[in-house]
Amino acid sequence: MVRDDFLELYSHAKEKGFIIMLFTNGYSLTKEIINYLVKLPPFSIEITLNGITKKTYESITQIKESFPRVIGNIKLLSKSKIKLILKSNCLKQNKDEVARIKGWTEELLGKPAQKKYRFKYDPMIFPQLNQDKTPCNYRLSFEELVELRKQDPDIWEEYQKGLHSDFPDLKRDGSFLYHCNSWMQQFFINPYGRLKFCIFSDKFSVDLKTTPFKEGFYRWPSQILNERFNTNSKCRDCGLRSVCYHCPARAYLETGDEESPVPYYCRLAEETAKEMALKIKTG
Ligand code: SF4
């Protein structure tokens, strides 16, 4: 929505039959855009709401008066028939408010039936795609995640969901570098026209401005499937891989090396494994 021609792009995608899910911080929504979306609705709109007090919210956005503006836009959208989903990153700054954000959401949008939440948490924070690790200064430690879970067990569920969706196939021998099958399930085309198989990495990507889609689509699978560790990384035969957020793309963002362990992930994985073992032991 930072683009002046957003509505033009949106209408074009609608005409082409795309199922559109709009992800926004809610700040750039104007009355003109909202009215347009009400008339020509997307499948859903997801708005990140990282605080439920002006002080906390604006300490994160660093934009004065952004809180009343976003809350106003959320309330406006809540009166329409558009499916609205609110979500929060769990951060050091808002850890005391995440459960309240959810409560506020349920008050506004109603409690979702059969766990089809209109509210989602994102407990994990990763570096930016250019390897800038500044966002990681705000991520929660394992202890803080556990504390949060006391406010709402769904936070833990979201954390674990992240593990399972990324590592569905762990039957391969440890020497293979890639264990995720993201590339078999999805692809992305970024705003620069690159076809990618992983949101965290440009490694296996092609420029669709110069390469036909079909050729690009079939170029990588065998290489991804067969790539192996080149080092004796601790991750290679680590028994905690099934409960760890480690993957080559994330390791590269965190350490500059696809094969390196990430101490923060190790800590989370060790504690997660301990907790699972305890659960099994105590039934
Ligand atoms: S990051 Fe740590 S816990 Fe995760 S796979 Fe590597 S060594 Fe194991």
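Keep in mind it's a predicted model, so treat the numbers as computed, not measured. Just so you know, ligand 1 is whichever comes first in the structure, and atom 1 is the first atom listed for that ligand.
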Geometric class of the F217/F213 ring pair [parallel <30°, tilted 30-60°, perpendicular >60°]: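 Parallel, since the angle between the ring planes stays under 30°.
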Plane angle bin for Y265 and F126 - parallel if under 30°, tilted between 30 and 60°, otherwise perpendicular: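 F126 vs Y265 ring planes: perpendicular.
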Minimum-distance protein heavy atom relative to atom 2 (Fe) of ligand 1: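 The closest one turns out to be C266 SG, 2.3 Å.
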Identity and separation of the nearest protein heavy atom to atom 6 (Fe) of ligand 1: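 Atom 6 (Fe) of ligand 1 sits closest to the protein heavy atom C235 SG, 2.3 Å.
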Side chain, backbone, both or neither: the part of C244 lying under 4.0 Å from ligand 1 by heavy atom: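 Looking at C244 and ligand 1, just side chain atoms fall under 4.0 Å.
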Common cluster, F67/I63, ILVMFWY with side-chain heavy-atom separation under 4.5 Å: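 Yes, F67 connects to I63 through the hydrophobic network.
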Where ligand 1 meets C238 - atom numbers and elements under 4.0 angstrom, heavy-atom basis: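 Under 4.0 Å from C238, ligand 1 has these atoms: 3 (S), 5 (S), 7 (S), 8 (Fe).
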Sub-4.0 Å atoms of ligand 1 with respect to non-hydrogen atoms of R241: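 Listed by number with element: 5 (S).
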CZ-CG distance between F229 and L177, expressed to the nearest 0.5 angstrom: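 The distance works out to 5.0 Å.
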Centroid-centroid distance, F6 to Y36, less than 6.0 Å: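 They do not qualify: ring centres at least 6.0 Å apart.
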